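As structure tokens, the structure follows; a few thoughts come after it.
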Amino acid sequence: DAGVTQSPTHLIKTRGQHVTLRCSPISGHKSVSWYQQVLGQGPQFIFQYYEKEERGRGNFPDRFSARQFPNYSSELNVNALLLGDSALYLCASSPRGAGNTEAFFGQGTRLTVV
Amino acid sequence: DAKTTQPNSMESNEEEPVHLPCNHSTISGTDYIHWYRQLPSQGPEYVIHGLTSNVNNRMASLAIAEDRKSSTLILHRATLRDAAVYYCILKLGSQGNLIFGKGTKLSVKP
């Protein structure tokens with residue numbers, strides 16, 4: 001069975017540009033969450049979507065936005081990129097949006113802003 | 001969000017048991033205790049979770065204190081492939097997001 005897939009795996013962008021990251025959850029999973037992991041730190045929660053509705057938002061500026069599509073895949077968009085946005089962006093899917101379920105993570109997208 | 005406290009690092013010998021502690025003195029009644037681990041260059045991987053009772057699965061055991069203010073992840077026989085950062089996380093029952101701390105970096109010596 002396919003796990004959580006993210007694309008692209010790596011990309012390099014210039015300051016001020018916009019980026020779109022994509023995530024396909026495990027088949028049957030309706031919840032998708034996004035995390036940012038800066039080198040040396042634990043992942044930081046950005047967004048959670050469940051059944052195409054935003055269920056949670058972390059402490060990130062409005063430059064970060066996301067959406068979930070009818071097939072439960074998701075996009076994370078970041079506008080006006082800053083050098084500090086360089087990080088590993090992780091997507092996780094779960095069958096439900098509740099706290100008693102496990103999350104399955106993808107391998108991440110490594111974003112470098114120059 | 002309820003906080004967890006873990007040692008920054010631990011060492012173990014291969015094929016010996018490992019006990020990874022976690023303190024969560026501000027845990028509420030609806031918080032689940034989750035453990036994830038992250039191997040180098042990979043996304044986090046679910047290990048185990050529990051609410052009140054001890055839990056066992058094929059990867060590990062989770063021992064939860066009676067007052068729920070601490071828990072211990074037990075790897076019964078450490079292998080070199082268990083070397084990773086282990087995160088102890090409190091997850092509100094009604095929510096799906098994980099709040100990661102810095103975790104414990106486990107080194108396994110052959």
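Quick caveat, the model's predicted, so the values are computed rather than measured. Residue numbers begin at 1 in each chain, while the letters A, B, ... track the order of the sequences.
A:Phe104 and A:Trp34 fall into different hydrophobic clusters, defined by Ile, Leu, Val, Met, Phe, Trp and Tyr side-chain heavy atoms under 4.5 Å apart, directly or through other members. A:Val4 is not connected to A:Leu111 by any chain of hydrophobic side-chain contacts under 4.5 Å among Ile, Leu, Val, Met, Phe, Trp and Tyr, and they are in different clusters. With hydrophobic clusters built from ILVMFWY side chains whose heavy atoms lie under 4.5 angstrom apart, A:Leu82 does not share a cluster with A:Val19. By the criterion of side-chain heavy atoms lying less than 4.5 angstrom apart, applied directly or through intervening Ile, Leu, Val, Met, Phe, Trp or Tyr residues, B:Met59 is grouped together with B:Leu80 in one hydrophobic cluster. Hydrophobic clustering (side-chain heavy atoms under 4.5 Å, transitive across Ile, Leu, Val, Met, Phe, Trp, Tyr) keeps B:Ile74 apart from B:Val18.
With a 4.5 Å cut-off on side-chain heavy atoms, A:Thr101 and B:Lys91 count as touching.
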In a table with atom names and distances, give each donor-acceptor pair under 3.5 Å that connects a side chain of residues 88-95 of chain A to protein atoms at least two apart or in another chain.
{"unit_1": "A:Tyr89", "atom_1": "OH", "unit_2": "A:Gln36", "atom_2": "NE2", "d": "2.9"}
{"unit_1": "A:Tyr89", "atom_1": "OH", "unit_2": "A:Asp85", "atom_2": "O", "d": "2.7"}
{"unit_1": "A:Ser93", "atom_1": "OG", "unit_2": "A:Ile26", "atom_2": "N", "d": "3.4"}
{"unit_1": "A:Ser93", "atom_1": "OG", "unit_2": "A:His29", "atom_2": "ND1", "d": "2.8"}
{"unit_1": "A:Ser94", "atom_1": "OG", "unit_2": "A:Glu102", "atom_2": "O", "d": "3.3"}

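For the disulfide (SG to SG under 2.5 Å) condition, no pair includes a residue of residues 34-80 of chain A, sequence neighbours left out.
Along residues 37-51 of chain A, the residues that come nearer than 4.5 angstrom to chain B, judged on non-hydrogen atoms, are A:Gln37, A:Gln41, A:Gly42, A:Pro43, A:Gln44, A:Phe45, A:Gln48 in order of number. Along residues 62-78 of chain A, no residue comes nearer than 4.5 angstrom to chain B, judged on non-hydrogen atoms.
Most heavy-atom pairs under 4.5 Å with chain B: of the set A:Ser31, A:Ala103, A:Gly58, this distinction falls to A:Ala103.
Within a 6.0 Å sphere centred on CG of B:Asp67, heavy atoms belonging to other residues, nucleotides or ligands number more than 12. Heavy-atom neighbours of B:Lys69 NZ from other residues, nucleotides or ligands within 6.0 Å: at or below the threshold of 12.
Formation of a donor-acceptor pair under 3.5 Å by the A:Tyr35 side chain with backbone atoms of B:Leu98 is found in this model.
Atoms CD and CZ, from B:Gln42 and A:Phe105 in turn, are 13.0 Å apart once rounded to the nearest 0.5 Å.
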